[in-house]
Amino acid sequence: MLKKHTVLKRIIHDKKITTGQIALLTVMLVAAIMTAIPILFVFVSAFTDENVLAEAGYGLFPSKLSLNGFNTVFKYEKQLLISYGVTIFVAFSGTVFGLLVMSMYGYVLTRRDFPLRKFLTVFLIIPMLFSGGQLSSYIVYTSLYHMKDNILLLILPQSMQTLYVIILRTYIVSSVPRELMDAAKIDGAGEYTTFFRIVFPLMKPALAAVGFMTAAMYWNDWQNALLFMESNTKKPLQLLLIDIQKSIETILSNRNIPPSALAAMQGRIPQYSATMATVVVVIVPIMLAYPFFQKYFIKGLTLGSVKE
């Protein structure tokens with residue numbers, strides 16, 4: 001026991017904690033608490049009784065709990081399952097397609113002997129600096145391409161992200177030995193063979209990091225669905241959240257309902273807790289997935305941030 005204590009003191013002595021580390025740890029701890037508190041509010045409010053929310057507001061320690069918010073959300077059982085299916089399909093398909101396209105684009109930018117390398121670099125950066133806006137995109141997709149209410153509009157517009165291409169390109173430059181690619185070329189391998197059999201398998205950390213960010217982007221997207229989707233069978237979770245909130249507000253603000261009936265309904269319809277319950281239903285899957293990608297997420301971003 002004494003020997004273990006001596007070894008522990010030696011470790012602590014060898015790795016002294018400086019004042020700067022303590023200050024940084026304090027700042028990070030405060031930032032983590034400030035980030036976690038709104039999420040806790042959402043989860044607690046989803047299980048809080050509607051009357052408590054109306055009278056006392058949001059709090060971390062409600063006086064009364066209730067499942068009425070979740071019961072209201074689960075009344076959309078069929079649409080909820082459909083929206084979950086749409087969101088999972090869009091997130092999975094968009095992530096796979098986006099990773100394939102962006103990794104191939106990043107690989108092309110690393111090939112110094114490719115004649116269009118500079119043009120493609122400028123072509124990639126321009127959309128990051130200049131954009132035509134939502135109106136021009138809407139006109140192009142609906143009037144020119146005639147893709148209104150097409151689920152591909154939830155996938156294609158966001159499948160190419162400049163920042164993610166730069167991360168993947170930099171990862172290839174900094175982490176994939178050029179000698180491997182040169183050796184494959186000497187052995188007669190073409191560009192596709194070199195990429196898919198040598199480069200792509202070595203990009204797992206960067207692909208995991210970019211893949212998680214891409215999946216989260218697709219999972220949280222609602223603007224494209226609001227603009228282009230009309231069918232309930234193509235409505236993602238985020239848009240369903242908006243529809244639930246709007247339907248509750250419409251009922252409570254209906255002037256044709258007598259004041260006495262409206263007052264009674266306000267006590268029964270969980271407006272705020274239902275909204276929070278829907279948020280919980282939406283964000284829980286992506287929160288559960290994050291720990292499995294955290295290791296690759298940090299490693300991929302760290303290596304991808306190194307400049308050539």
Side-chain angles (χ1 to χ4, degrees), residues 80-110 120 124-125 127-128 131 137 141 145 147 149-172 175-176 192 195-229 231 233-241 279-305:
L80 186 63
L81 293 176
I82 292 174
S83 297
Y84 249 115
V86 171
T87 301
I88 292 173
F89 172 77
V90 169
F92 178 78
S93 303
T95 301
V96 172
F97 179 73
L99 285 178
L100 180 63
V101 173
M102 289 187 290
S103 59
M104 292 177 70
Y105 202 120
Y107 170 73
V108 168
L109 298 182
T110 65
L120 291 177
L124 176 69
I125 295 176
M128 186 172 64
S131 173
S137 300
Y141 288 130
Y145 295 152
M147 296 181 66
D149 200 34
N150 191 324
I151 200 170
L152 289 178
L153 287 178
L154 301 180
I155 299 175
L156 296 179
Q158 301 188 91
S159 59
M160 176 66 70
Q161 300 292 326
T162 301
L163 177 61
Y164 300 162
V165 175
I166 294 175
I167 291 175
L168 294 173
R169 177 259 176 200
T170 310
Y171 185 89
I172 295 174
S175 302
V176 179
Y192 285 100
F195 175 75
F196 284 107
R197 300 191 63 178
I198 296 177
V199 178
F200 196 76
L202 296 176
M203 295 175 61
K204 288 181 180 179
L207 291 174
V210 173
F212 178 80
M213 291 187 292
T214 305
M217 175 185 64
Y218 279 113
W219 191 275
N220 295 321
D221 179 51
W222 60 272
Q223 289 185 335
N224 287 332
L226 184 64
L227 286 174
F228 302 114
M229 297 299 108
S231 305
T233 55
K234 301 172 184 177
K235 184 180 297 183
L237 276 175
Q238 301 293 341
L239 191 57
L240 179 62
L241 169 61
V279 174
V280 170
V281 171
V282 170
I283 67 174
V284 162
I286 205 73
M287 291 181 64
L288 293 177
Y290 178 74
F292 298 99
F293 289 88
Q294 184 178 8
K295 178 177 68 174
Y296 298 106
F297 184 78
I298 297 174
K299 183 179 180 181
L301 284 182
T302 303
L303 292 177
S305 63

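The structure presented is a predicted model; accordingly, all values stated were derived computationally and were not measured.
- Residues Ser93 and Ile155 share a closest heavy-atom pair of CB-CD1, 3.9 Å.
- Heavy-atom minimum distance, Ser83 versus Leu240: OG-CD2, 3.7 Å.
- At least one donor-acceptor pair under 3.5 Å links the side chain of Asp149 to the backbone N or O of Ser231.
- Under the 3.5 Å distance criterion, the side-chain polar atoms of Tyr105 are left unmatched by any main-chain donor or acceptor of Met160.
- For the pair Leu109 and Leu124, the minimum side-chain heavy-atom distance is below 4.5 Å.
- Looking at Thr214 and Met102, their side chains come closer than 4.5 Å, going by heavy atoms from C-beta outward.
- Going from atom CG of Leu163 over to atom CG of Leu168 covers 9.5 Å, rounded to the nearest 0.5 Å.
- Here the closest heavy-atom approach between residue Tyr218 and residue Thr95 is recorded as CE1-N, 3.8 Å.
- Tyr145 and Tyr141 have tilted rings, their planes meeting at an angle from 30° to 60° on a 0 to 90° scale.
- Side chain of Gln238 to backbone of Trp219: a donor-acceptor contact under 3.5 angstrom is found.
- In this structure, Gln161 and Met217 have side chains that are in contact, with non-hydrogen atoms separated by less than 4.5 Å.
- A 4.5 Å side-chain heavy-atom check between Asn150 and Phe228 finds every atom pair outside the cut-off.
- Atom CG of Leu239 sits about 9.5 Å away from atom OG1 of Thr87, to the nearest 0.5 Å.
- For the residue pair Ser103 and Leu207, the shortest heavy atom distance occurs at CB-CD2, 4.2 Å.
- Around atom CZ of Phe97, no more than 12 heavy atoms belonging to other residues, nucleotides or ligands sit under 6.0 Å away.
- Here Ile88 contributes atom CD1 and Leu237 contributes atom CG; the two are 8.0 Å apart, rounded to the nearest 0.5 Å.
- The two residues Tyr107 and Val199 come nearest to each other via the heavy atoms CE1-CG2, 3.8 Å.
- Atom CZ of Phe89 is surrounded by 12 or fewer heavy atoms from other residues, nucleotides or ligands within 6.0 Å.
- The two residues Leu154 and Val90 come nearest to each other via the heavy atoms O-CG1, 3.5 Å.
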Item to check | Residue pair Tyr84, Val281: steps toward the side chain to side chain contact (heavy atoms under 4.5 Å, CB included) verdict | outcome: CA-CA 10 Å; Tyr84 249 115; Val281 171; 3.4 Å; yes
Item to check | Trace of the side chain to side chain contact (heavy atoms under 4.5 Å, CB included) decision for Leu152 with Met147 | outcome: CA-CA 8 Å; Leu152 289 178; Met147 296 181 66; 3.9 Å; yes
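- The CD1 atom of Ile166 sits 5.5 Å away from the CD1 atom of Ile125 when rounded to the nearest 0.5 Å.
- Looking at heavy atoms from C-beta onward, Met229 lies in side-chain contact with Lys234 at the 4.5 angstrom threshold.
- Here CD of Gln158 is found 11.0 Å from CG of Leu153. Values are rounded to the nearest 0.5 Å.
- Asn224 has its side chain within reach of Asp221: a pair of non-hydrogen atoms, C-beta onward, lies under 4.5 Å apart.
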